[in-house]
Structures are given as structure tokens and as C-alpha cells.
Amino acid sequence: MQSVLRVILIFLLGPFLAVTANAVTLDWDTATWTPGSLANSYDVDPGNAGNDVTVAVSGSTAQLQPSLVAPNPQTPAITTALEGGLSPVQKSLEIAVDFTNQTQSIVVTVNFAAGYTQGVQNVSFTLFDVDFANGGGSTFQDQISSIQAVGADGVTLVAPTITVGSDVLLTGTGLSQMATGIATNADTGATSGNGNVTISFGATAISSFTFTYGSGSGTVANPTYQHIALDDISFTPVPEINPAWSALGSCLVAAALILRHSGKFRK
Ligand SMILES: [Ca+2]
Ligand SMILES: [Ca+2]
Ligand SMILES: [Ca+2]
Ligand SMILES: [Ca+2]
């Protein structure tokens, strides 16, 4: 009798305990960003109440420039100026700057909502056109540094896993990794993916991540116009037991115990 009840319990509770979370994407093809604004929040996950992810741009924001592609929106802006080798072309968040020295930089911070009490995992995104130029009127060296996440506990720093295209050099380890442009990358077309930098934080649950966009030292002291773009950000909420489902589960357990008790009584 008990083993039969156990089977019935598993059958009844199975669907309620198997809480699976689906991957979520902040897709720049559907998101909106007022050109030149410095922070925006997005509701992209129906499974979490309200906004789910906030993207903020800080640092040397006075150096931000318009996109080179008509209608030349002030960046940060959603454009197709940089294609990252994608076909068909997708929109991305373009960040263009004209730094006056090599120490200025832009900081991009992405926060996931507090509603994700266990954090989010499988966070991954790609930066386009991390490259280098030293001639023909352009002298700059895109460099991505201080690439790190904060764990779901709100304290622990989490190092990224990074892959780079052939126009980019990856140096350092762990939290000190840097991706630096070493060749001129085409903004558009089939080879434009050679300046890509793909950053992920794997299975580790995180609550936010950040990176810094600045200059390498391999160019003039006062760099010319330079730009990169942030492509779609994908993540998977870490599942938690839904309180309503837990309550339902408790009811079913109680019902099963009553059945078992009455079964014993009938013996
Ligand atoms: Ca997209
Ligand atoms: Ca939401
Ligand atoms: Ca400059
Ligand atoms: Ca670039």
C-alpha cells in the first residue's frame, strides 16, 4: 500500500516540482533606447514581475559621439552601424566615443532584477568591432577591461569566459582579462565578425556584470573617433520553488497521508 502511495505521490507532485526556467534574451531588434540616454530597463521575462534587466552607461560620457550611419543618432543608440558578421544583419547598442586621452573610458553595467532571488545564469553577450587603427585619419585602439560579474550573493566577483575574433588579442587571466583590438575590422559585411568579443559567465549565478570600454596604449595620446556595439544579452533565471506550487504540493501530501491513514484504519 505504501509503495503504491509513493508512486501516486510522485505522479501527482512531479509536474509541480519540475520547475524549469527558460532562456531569456534582451534583443536589440525589439528593445527601444532613446538615443543618448544613459540607462534603460527592460521587461523581457514574463516569469519575473516587472522589469528584468537594466543597462547603464557611465564614465566619460561627455566623450560620447553620434553614430556615423544616418540618421546619426547620438550614442548610446540602437543601430546597425556595426554588424559583427551576422547575416541577416541585427541591431545592436552602439557606443561611439572621441576620447581626449588614453585614460578616459566608458563603463557599461548590466543589472538583473532583485526578483531573481537566486540570480541568473548562462549570461552571454557579444561585443562588435573591438579593433585598432593607426593611419588614414584614424588612430585609436579599442580595449575592453574590468570584465566581471557579481555573484547572486551580491558580493563574490565572478570572472568571465571570453572568446575573441582574429582582430582582437585576449590577455590576462580571470578577473584581469582584457580584449584589445590589434587590427582594423570592417564595420559591416562578412568579415566584420573578426572584431567580435564574446563574454559569458557560464553556470555561475550572477546578479550583475560590468565591463569598461577604453583605449589601449598602442596609438596616439589623443585617440580619434572609435566605436563598438553591444549585441543581444541572453540569460537563464535560476529556478526557485514557486510558493504557490509548494502550498499545492503540501495539500497533496496531506491528502495522501489522510488516504494512507484511512487505508490503515480499514485494515
Ligand atoms: Ca538581435
Ligand atoms: Ca518581467
Ligand atoms: Ca580624441
Ligand atoms: Ca571599433
Side-chain angles (χ1 to χ4, degrees), residues 23-29 53 55 57 76 79-96 105-110 112 119-133 140-152 156-219 226-236 238:
V24 179
T25 300
L26 169 54
D27 185 350
W28 299 113
D29 291 275
V53 56
V55 180
V57 175
T79 74
T80 54
L82 303 172
E83 296 182 355
L86 295 183
S87 179
V89 173
Q90 293 192 22
K91 293 177 179 175
S92 54
L93 186 69
E94 184 184 3
I95 298 171
S105 64
I106 293 293
V107 178
V108 175
T109 305
V110 175
F112 298 95
V120 300
Q121 59 187 176
N122 302 324
V123 175
S124 183
F125 60 98
T126 297
L127 300 175
F128 294 163
D129 197 50
V130 176
D131 70 340
F132 169 81
F140 64 81
Q141 185 167 38
D142 293 331
Q143 185 171 75
I144 310 301
S145 61
S146 302
I147 311 160
Q148 60 189 37
V150 176
T156 309
L157 295 181
V158 180
T161 298
I162 304 175
T163 57
V164 298
S166 57
D167 290 340
V168 189
L169 178 66
L170 180 64
T171 57
T173 57
L175 295 169
S176 62
Q177 292 177 91
M178 287 198 300
T180 306
I182 51 170
T184 300
N185 181 59
D187 288 359
T188 61
T191 62
S192 59
N194 293 344
N196 284 7
V197 173
T198 298
I199 297 168
S200 53
F201 293 98
T204 308
I206 66 170
S207 55
S208 69
F209 70 81
T210 185
F211 64 86
T212 296
Y213 171 37
S215 291
S217 57
T219 182
Q226 59 195 108
H227 56 173
I228 59 166
L230 168 64
D231 194 23
D232 301 346
I233 301 169
S234 60
F235 61 96
T236 304
V238 176

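Quick note: residue numbers are just sequence positions, from 1. This one's a predicted model, so the numbers in the text were calculated from it and none came from an experiment.
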Separation of [Y] [atom2] from [X] [atom1] (nearest 0.5 Å):
| X | Y | atom1 | atom2 | value |
| --- | --- | --- | --- | --- |
| Phe128 | Thr80 | CZ | OG1 | 11.0 Å |
| Asp27 | Gln90 | CG | CD | 6.0 Å |
| Asn196 | Ser166 | CG | OG | 9.5 Å |
| Thr109 | Phe209 | OG1 | CZ | 9.0 Å |
| Thr204 | Ile206 | OG1 | CD1 | 8.5 Å |
| Leu26 | Asp232 | CG | CG | 7.0 Å |

Contact summary for [X] and [Y], nearest pair of heavy atoms:
| X | Y | value |
| --- | --- | --- |
| Gln226 | Asp142 | NE2-OD1, 2.8 Å |
| Ala179 | Val168 | CB-CG1, 3.9 Å |
| Phe201 | Ala159 | CD2-O, 3.7 Å |
| Ile147 | Pro160 | O-CD, 3.2 Å |
| Gly172 | Gln177 | O-CG, 3.7 Å |
| Gln141 | Thr219 | N-CG2, 3.7 Å |

Taking side chain as C-beta onward, heavy atoms only, is [X] less than 4.5 Å from [Y]?
| X | Y | value |
| --- | --- | --- |
| Ile199 | Phe125 | yes |
| Asp131 | Phe140 | yes |
| Val120 | Val53 | no |
| Leu127 | Leu230 | yes |

Closer than 3.5 angstrom, by distance alone: can the side chain of [X] be matched with the main-chain N or O of [Y] as a donor-acceptor pair?
| X | Y | value |
| --- | --- | --- |
| Asp129 | Gly195 | no |
| Ser207 | Gly151 | yes |
| Glu83 | Gly189 | yes |
| Glu94 | Leu82 | no |
| Tyr213 | Val130 | no |
| Ser124 | Ser234 | no |
| Ser192 | Gly85 | yes |

Problem - Test log, rule side chain to side chain contact (heavy atoms under 4.5 Å, CB included), inputs Leu86 and Asp231 - result: CA-CA 10 Å; Leu86 295 183; Asp231 194 23; 3.8 Å; yes
[X]-[Y] side chain donor-acceptor pair, cut-off 3.5 Å:
| X | Y | answer |
| --- | --- | --- |
| Thr126 | Thr198 | yes |
| Asn194 | Asn185 | no |
| Thr180 | Gln143 | yes |

Practice task
Quick one: do Asp167 and Phe132 satisfy side chain to side chain contact (heavy atoms under 4.5 Å, CB included)? Show the steps, please.
Solution key: CA-CA 8 Å; Asp167 290 340; Phe132 169 81; over 6 Å; no
Problem - Intermediate values then yes/no, side chain to side chain contact (heavy atoms under 4.5 Å, CB included), Val150 and Leu157 - result: CA-CA 5 Å; Val150 176; Leu157 295 181; 4.1 Å; yes
Problem - Step-by-step side chain to side chain contact (heavy atoms under 4.5 Å, CB included) determination, Ile144 to Ile162 - result: CA-CA 11 Å; Ile144 310 301; Ile162 304 175; over 6 Å; no
